[in-house]
Amino acid sequence: MDLETLIAQWSGRTPPGFVPHAVLRQQPPQCVQPRCRRPASLKANGEFAKSCEPCRIRRAKSCKRRRAALVAEGGCRRCAYRKRLAGDFLCARCREDRDAERGQKRRDAIDAAAIDEFAAKPDRAHEPSNLDCGISPWNARGPREPSAAYWSPLPDPEPREEREWAHSIHDTGWRVNRH
């Protein structure tokens with residue numbers, strides 16, 4: 001890389017002798033409406049529409065007039081083409097669509113509330129569990145199993161015969177030695 005290009009990159013200026021690329025802006029197509037020779041208008045995303053702006057406005061007004069006339073004749077207020085249900089201002093298809101949209105909006109609101117509730121909770125330190133210590137159900141110590149020592153009573157600290165305090169002085173043992 002030559003020094004002039006490096007200086008131009010560092011300074012943010014174009015190097016001497018640099019020719020910028022030609023901007024090839026395409027010509028807008030002609031409006032497709034009959035007897036209209038104006039160029040087509042740009043849409044919001046930067047593409048060209050098929051019609052010019054005055055024709056688009058005119059057609060939108062005529063569409064609104066046509067829909068208003070169909071609604072006045074008993075058409076659905078949403079789509080204007082199908083007949084309304086008895087006692088309602090929507091047709092069956094638009095009513096189903098609206099109910100589905102409302103259900104989706106309700107579910108979105110519930111999800112957003114749950115997310116907000118979670119975000120409002122204070123951050124807690126990590127609560128360690130056995131899994132953090134490397135203990136898992138696969139390498140854990142097995143459950144304790146009862147042995148004979150668990151069931152048998154503890155041995156007496158002194159033999160039973162030597163516990164003279166447990167026997168009454170007045171007991172002669174007549175209940176045991178009958179014969």
Side-chain angles (χ1 to χ4, degrees), residues 1-140:
M1 182 182 293
D2 59 340
L3 183 62
E4 291 174 351
T5 309
L6 189 64
I7 292 171
Q9 283 181 347
W10 277 90
S11 64
R13 290 190 227 106
T14 56
F18 177 76
V19 179
H21 295 292
V23 178
L24 301 174
R25 185 157 184 95
Q26 59 187 23
Q27 290 293 329
Q30 193 175 2
C31 178
V32 297
Q33 303 303 323
R35 294 184 303 281
C36 181
R37 300 282 175 258
R38 287 186 287 257
S41 61
L42 274 173
K43 289 197 276 189
N45 61 0
E47 297 177 2
F48 286 108
K50 294 191 183 306
S51 304
C52 62
E53 195 64 29
C55 290
R56 288 172 69 191
I57 292 170
R58 188 184 72 246
R59 287 171 58 83
K61 282 183 181 176
S62 89
C63 182
K64 282 181 184 174
R65 282 195 304 269
R66 186 175 71 248
R67 287 173 63 89
L70 288 170
V71 169
E73 292 172 6
C76 171
R77 279 208 207 150
R78 193 172 189 205
C79 67
Y81 295 105
R82 290 180 290 275
K83 292 293 178 190
R84 285 184 254 184
L85 293 172
D88 200 356
F89 58 88
L90 295 177
C91 63
R93 187 161 151 196
C94 287
R95 172 163 287 285
E96 290 173 7
D97 292 347
R98 190 188 67 181
D99 291 346
E101 289 167 8
R102 282 185 177 173
Q104 183 63 44
K105 194 180 287 187
R106 185 168 44 250
R107 283 189 295 274
D108 291 345
I110 290 170
D111 292 347
I115 290 169
D116 292 344
E117 181 183 348
F118 176 76
K121 289 182 182 175
D123 290 341
R124 294 182 306 180
H126 176 65
E127 295 175 2
S129 70
N130 284 340
L131 295 174
D132 297 325
C133 305
I135 298 173
S136 76
W138 291 274
N139 67 2

Query raised in the report: At their closest point, which heavy atom of V71 faces which heavy atom of A80, and how far apart are they?
Result: CG2-CB, 3.9 Å
Requested in this report: State whether the number of non-hydrogen atoms from other residues, nucleotides or ligands found under 6.0 Å of E101 atom CD is greater than 12.
Outcome: yes
Query raised in the report: Taking the side chain from R84 and the backbone from G75, do they hold a donor-acceptor pair closer than 3.5 Å?
Result: yes
**Report entry** Within 6.0 angstrom of R93 CZ, more than 12 heavy atoms from elsewhere
**Finding:** no
Query raised in the report: Hey, does the side chain of R78 reach the backbone of F89 with a donor-acceptor pair shorter than 3.5 angstrom?
Result: no
Query - Closest contact, heavy atoms only, C52 versus P39 - result: CB-O, 3.3 Å
Report summary line: Closest heavy-atom pair, R56 versus S41, reported as atoms and distance to 0.1 Å, is NH1-OG, 2.9 Å
**Report entry** Step-by-step side chain to side chain contact (heavy atoms under 4.5 Å, CB included) determination, C94 to R82
**Finding:** CA-CA 9 Å; C94 287; R82 290 180 290 275; 3.8 Å; yes
**Report entry** Closest approach of C55 to R38 (non-hydrogen atoms, all atoms of both residues)
**Finding:** SG-NH2, 4.0 Å
Requested in this report: Supply the atom-to-atom distance Q33 CD to R58 CZ, rounded to the nearest 0.5 angstrom.
Outcome: 6.0 Å
Report task. With rounding to the nearest 0.5 Å, note down the distance linking SG in C76 to NZ in K83. Result -> 11.0 Å
Query - CD1-CD1 distance between I110 and I115, expressed to the nearest 0.5 angstrom - result: 12.0 Å
Report summary line: Interatomic distance, CZ@R95 vs CG@D88, rounded to 0.5 Å, equals 4.0 Å
Query raised in the report: Does atom CD of E4 have more than 12 heavy-atom neighbours, drawn from other residues, nucleotides or ligands, at distances under 6.0 Å?
Result: no
Report summary line: Note: F48 and K43 closest approach over all heavy atoms is O-CE, 4.0 Å
Report summary line: To the nearest 0.5 Å, atom CG of L90 lies from atom CD of E96 at 11.5 Å
Report task. Identify the heavy atoms of S51 and V32 that sit nearest to each other, and give their distance. Result -> OG-CG2, 4.0 Å
